[in-house]
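Given the structure is predicted, the values throughout are model-derived calculations rather than measurements. The first residue of the sequence shown is numbered 1, and numbering continues consecutively from there.
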Amino acid sequence: QVQVVESGGGLVQAGGSLRLSCTVNGLTIDDYGMAWFRQAPGKEREVVSCTTWRGLTTYYADSVKGRFTMSRDNAKSTLYLQMNSLKPEDTAMYYCAVGYDGCSGSPSNHWGQGTQVTVTS
């Protein structure tokens with residue numbers, strides 16, 4: 001079985017920071033692309049940041065460039081999303097995905113249950 005578990009979400013004031021973690025069990029993440037998606041109530045899911053297989057391609061949404069940084073620790077089988085200078089518009093449920101093409105958002109990828117990020121002004 002493959003398990004994907006997000007953590008690190010919470011309530012933070014605008015301008016603050018959070019670090020999200022995504023721990024993957026059941027596969028070696030070195031061989032896969034990974035991604036963070038988010039979805040706010042009433043809005044469609046969007047890609048926040050993603051990599052293709054083994055990080056050959058990295059993408060950041062324009063809305064988060066310069067503020068968010070994605071990284072991974074293969075030894076810990078964990079993906080991170082460091083979020084700085086948070087804005088109320090960043091409020092959403094954040095999801096982690098793992099697959100051969102993490103950027104695709106394919107349902108064939110492995111998905112976590114999400115972690116809530118709420119940013120207040």
Go through K65 and D62 one step at a time and tell me if the salt bridge (Lys or Arg N to Asp or Glu O under 4.0 Å) criterion holds.
-> CA-CA 5 Å; K65 286 181 179 178; D62 288 342; 3.1 Å; yes
Test side chain to side chain contact (heavy atoms under 4.5 Å, CB included) on Q3 and H110 and set out the steps.
-> CA-CA 8 Å; Q3 295 179 326; H110 304 286; over 6 Å; no
Can you say whether the rings of Y95 and W111 are parallel (under 30°), tilted (30 to 60°) or perpendicular (over 60°)?
-> perpendicular
Compare every heavy atom of L18 with every heavy atom of Q82, then report the nearest pair and how far apart it is.
-> NE2-O, 3.6 Å
Take V5 and Q113 through the test side chain to side chain contact (heavy atoms under 4.5 Å, CB included) and record every step on the way to the result.
-> CA-CA 7 Å; V5 181; Q113 295 300 308; over 6 Å; no
Is there a donor-acceptor pair closer than 3.5 Å between any side-chain N or O of T91 and the backbone N or O of V119?
-> yes
Do the non-hydrogen side-chain atoms of Y94 and E6 ever get within less than 4.5 Å of each other?
-> no
Compare all side-chain heavy atoms of L11 with those of T120 and state whether any distance is below 4.5 angstrom.
-> yes
Residue of the set I29, D30, D31 for which side chain to side chain contact (heavy atoms under 4.5 Å, CB included) holds with L27 | I29
Determine the minimum heavy-atom distance between F68 and Y60, stating which atoms define it.
-> O-CE2, 3.4 Å
From SG (C50) to CG (D101), nearest 0.5 Å | 7.5 Å
Should L86 and W36 be regarded as members of a common hydrophobic cluster, given that ILVMFWY residues are connected when their side-chain heavy atoms come within less than 4.5 Å of each other, either directly or indirectly?
-> yes
Go through R72 and S77 one step at a time and tell me if the side chain to side chain donor-acceptor pair (under 3.5 Å) criterion holds.
-> CA-CA 8 Å; R72 67 171 67 188; S77 193; over 6 Å; no
Taking the side chain from T115 and the backbone from S7, do they hold a donor-acceptor pair closer than 3.5 Å?
-> no
Step-by-step side chain to side chain contact (heavy atoms under 4.5 Å, CB included) determination, V2 to V24 = CA-CA 7 Å; V2 177; V24 181; 4.3 Å; yes
Face-on cation placement of R45 at F37 ring, 6.0 Å and 45° thresholds = yes
Between S17 and N84: side-chain donor-acceptor atoms closer than 3.5 Å = yes
In Å, rounded to the nearest 0.5 Å, how long is the span from CG of L79 to OG of S21?
-> 8.5 Å
Quick one: do V4 and Y100 end up in the same hydrophobic cluster if we chain Ile, Leu, Val, Met, Phe, Trp and Tyr together by side-chain heavy atoms under 4.5 Å apart?
-> yes
Report yes if the side chains of V98 and N109 come closer than 4.5 Å at any heavy-atom pair, otherwise no.
-> no
Sub-3.5 Å donor-acceptor pair from the side chain of S49 to the main-chain atoms of Y59, do we have one?
-> yes
Check the hydrophobic clustering (I, L, V, M, F, W, Y; side-chain heavy atoms under 4.5 Å; chains of links allowed) and say if V48 and V12 are grouped together.
-> yes
How far apart are the closest heavy atoms of R38 and E46, and which atoms are they?
-> NE-OE2, 2.8 Å
Can you tell me how far the CE atom of M70 sits from the CE atom of M83, to the nearest 0.5 Å?
-> 13.5 Å
To the nearest 0.5 Å, tell me how far M34 CE sits from T78 OG1.
-> 8.0 Å
Rounded to the nearest 0.5 angstrom, the CG-OG distance for D90 and S63 is 7.0 Å
What are the two closest non-hydrogen atoms of A35 and G102, and how far apart are they?
-> CB-O, 3.4 Å
